[in-house]
Amino acid sequence: MIPAIDILEERISDVMADISGEPDSPAIVRLSKDPKFGDYQVNGVMALAKKTKAKPRELAEKIVEKIDISDICEAPEIAGPGFINLRLKPDYLAKTLLEINADKTNHLGINKTNKPKTIVVDFSGPNIAKQMHVGHLRSTIIGDCICRMLEFLGHDVKRQNHIGDWGTSLGKVILGLWHLRMASKHGEPPYYKTELSELQAYAGDKDRLKELCQRIRDRHEKDWQDDFVAAKGDAYKFFGPFLETLVHAPPLDLWEEITTLYQYVNLIETSVAGMGLTVSTRKKGDNAFQYFQIEYEFLSRHITTMLQDIDNPDNKQEKDAWNLIKKISLEHCNEIYKMLDIFFDGDKEIRGESFYRDMLPEVVAQLKKKGLAEESDGAICAHPDGFKNKEGERLPLIIQKTDGAYLYATTDLAAIRYRVGKLKADTIVYVTDARQALHFEMVFAVAKMAGWSKDADLKHVTFGSVLGEDGKPFKTRSGENIKLKELLEEAVGKARKVVNEKNPELSDDKKEEIANAVGIGAVKYADYSNNRTSDYIFSFEKMLAMDGNTAPYMQYAYARIKSIERKAQSKDVDIKTELAGINELNLTDPTELDLAKHLCRYGEAIEGAAADYKPNFLTSYLYELAQKFSAFYTNCPVLKADKAQRPTRLLLCDLTAKTIGHGLHELLGINVVEQM
RNA sequence: GCGCCCGUAGCUCAGUUGGAUAGAGCAACGGAUUUCUAAUCCGUAGGCCGCAGGUUCGAGUCCUGCCGGGCGUACCA
């Protein structure tokens, strides 16, 4: 089944081209704004009239005479300055609904594309050094929805979770683990906890801060010396063995502890900046175990360069630590993905930065060879055309740091080569927040100049920030990121409370199922229903409201239909048989016609949402559907209807439930429930 | 400084290559319930689409300037 709007667009455009001799004469068929203008309006006549210097109304008459759309619409009407208004025939609606009913493939009569493409969707991308927080929510769920829509339309979608497992933050966590081991030598409470609060407290007091940093540095140096055996390594006595135990049996609360340790390392490095404190560390290189003093604030970055030289046996401690962090972090991510009903297929789809590690030297070498990258202030930079800084000089894209480490620009470039070359991508969609727009523009430009993107379409799908009730970035009172897990648990908890109030007689299992569907659904739906590109204010109260464009309202509409179906059984109405034998409809009530028309437009809605990667087009459609259903439900009895009307109404119910269920569950990844 | 995004009803937001009288929801007010789940429906009220110019038969939408807000702008992602 082809959506009516597409058929009309094609037929009318053809006639317009024919009459005017202009091959590019789009009809621009759109939904009418006002029911008195019919169901669809043709907007393209005036533009064509201008182009060909014709009178718009006369042109419209000529077009109306020639178009043959009588199988779909009533006689077209010309109105205003040159609009053509179209009204769908009830026969067409009936035929379409019966066609949808006859489709047993869960595709609701919607065709797959005749031009399937290979589309890589890069989304979620959490950093494995940190817990998933509210900042990861949008990329994760919007990306998932885009994948679901494109898959439904018949494209070959390749999900890619470009997790951050190769950058600077890993160095910080590895250093954090080192502190974890050292702290156990110094007794309770662990020094990193007390010092973390001290560092925060002294932030404004230069002298005390300096004294504190000196103390921290001195202990650090002593611990390092104690751990070190010149010929064997700098983590020989304690840290190395500690890691080996951890890899085999990580304690349950380790992940929580890592968050604190990360903060601790981060804060030390910002605090000691410019103080001139140095500590001992191992040199990078092929000769075993040489040592030097490094500025304290650069230590974690130095550790990152060791990690990025992972196959060097000297760097076993970094490798072990990295494997450990990766393992427990992925367990944490998968727990969140499970809550959100999002699935990644192992190494095939969870392909982090480290996946490209062997390709990074080649990326840099190739760009140098092509004359696209050069050294500048010690770093290797590419300078894509068309980007200027404040002095009007060329803006650099750093692909290798002074210390030799690679960055996200490098892995992004390697990923483009892989996705175009190996995955055969026609399109690569990047779902990340709008702040990274410049980064991706530059990466895309470099990839193009290097010839790596070939004919692939590189698309940055941006989104706005999640804000708190105060309109500022959504954080805890102490300014920390809000953990996604806690946020989702809170949503489920609030939903649970409502279910308990509204429907106390349900079984505990049912209540839990509903609380999960409603709570998680509310968070996801609220995100989807806002314009992707703008910021939005996170409010449990609004997203869990039972009125308005919310998940609970949608789920309730669905549950009501299911309730009719249950009721039917007790009244000896056999819905299956009645729907199976249906071959003509009786659409008479205005709410029936309105609902019927909307049901026929589902395909249009999905196409529109997928074309612009905008889930809110889909939620708008679904919300209108639920509203139209509710109006129908109030006006038209279903089970008590007479024999002539009941099958039609049962069909409207069935198709509405299928459409809402499909939209929510298959495309938005939100669960529906039979009872609420 | 430069670049990108945003400014629409009291609040939160839609608004489809420029189309007819700018739409929802919340809140407010008025009505509907011996129900197929009222977690609902129907109605009323509410607007200089930031301001000022321009292009156009037609501008919330495109262009220019200004005001206000957010973000980015070399070794984080």
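Heavy atoms only: backbone and side chains are in, while hydrogens, waters and symmetry mates are out. Reminder, nothing fancy here: chain letters follow the sequence lines and each chain counts from 1. Everything quoted here is computed from the prediction, not taken from an experiment.
- Using a 4.0 Å heavy-atom cutoff across all strands shown, A:Tyr553 reaches sugar-phosphate atoms only and no base atom.
- Among the atoms of the strands shown, only primed sugar atoms or phosphate atoms (P, OP1, OP2) are found under 4.0 Å from some heavy atom of A:Ile537.
- For B:rC41, neither phosphate oxygen OP1 nor OP2 lies less than 4.0 angstrom from any side-chain nitrogen or oxygen of A:Thr634.
- Distance alone, capped at 3.5 Å, is enough to place a donor-acceptor pair between the A:His136 side chain and the A:His133 backbone.
- Within 4.0 Å of A:Glu353, counting heavy atoms only, lie sugar-phosphate atoms of the nucleic acid but no base atom.
- A:Phe387 comes within 4.0 angstrom of no nucleic acid atom, judged by non-hydrogen atoms across all strands.
- Side-chain N/O atoms of A:Asn127 include none lying less than 4.0 angstrom from OP1 or OP2 on B:rA77.
- The six-membered or imidazole ring of A:Tyr430 lies away from that of A:Phe123, with a centre-to-centre distance of 6.0 Å or more.
- At the heavy-atom level, A:Asp535 lies under 4.0 Å from the strands shown only through sugar-phosphate atoms.
- Within the 4.0 angstrom heavy-atom criterion, base atoms lie near A:Pro26.
- With C1' as the reference atom, B:rA14 and B:rA77 are 32 Å apart, rounded to whole Å.
- When Watson-Crick and G-U wobble pairs are counted only if both distances are under 3.5 Å, B:rA22 pairs with no nucleotide at all.
- Taking only side-chain nitrogens and oxygens, A:Arg435 never comes nearer than 4.0 Å to OP1 or OP2 of B:rG70.
- The base-pairing partner of B:rG47, taking Watson-Crick or G-U wobble contacts with both distances under 3.5 Å, does not exist among the strands shown.
- Contact annotation for A:Cys653: no contact, since no heavy-atom pair falls under 4.0 Å across all strands.
- A:His460 has its ring centre no less than 6.0 Å from the ring centre of A:Phe444.
- Rounded to whole Å, the C1' atom of B:rA20 lies 10 Å from the corresponding atom of B:rG58.
- Between A:Ser534 and B:rA14 there is a side-chain N or O to OP1 or OP2 distance below 4.0 Å.
- Under a cutoff of 6.0 Å and an axis angle of 45°, A:Arg435 and A:Phe440 do not form a cation-pi pair.
- With P as the reference atom, B:rG46 and B:rG68 are 32 Å apart, rounded to whole Å.
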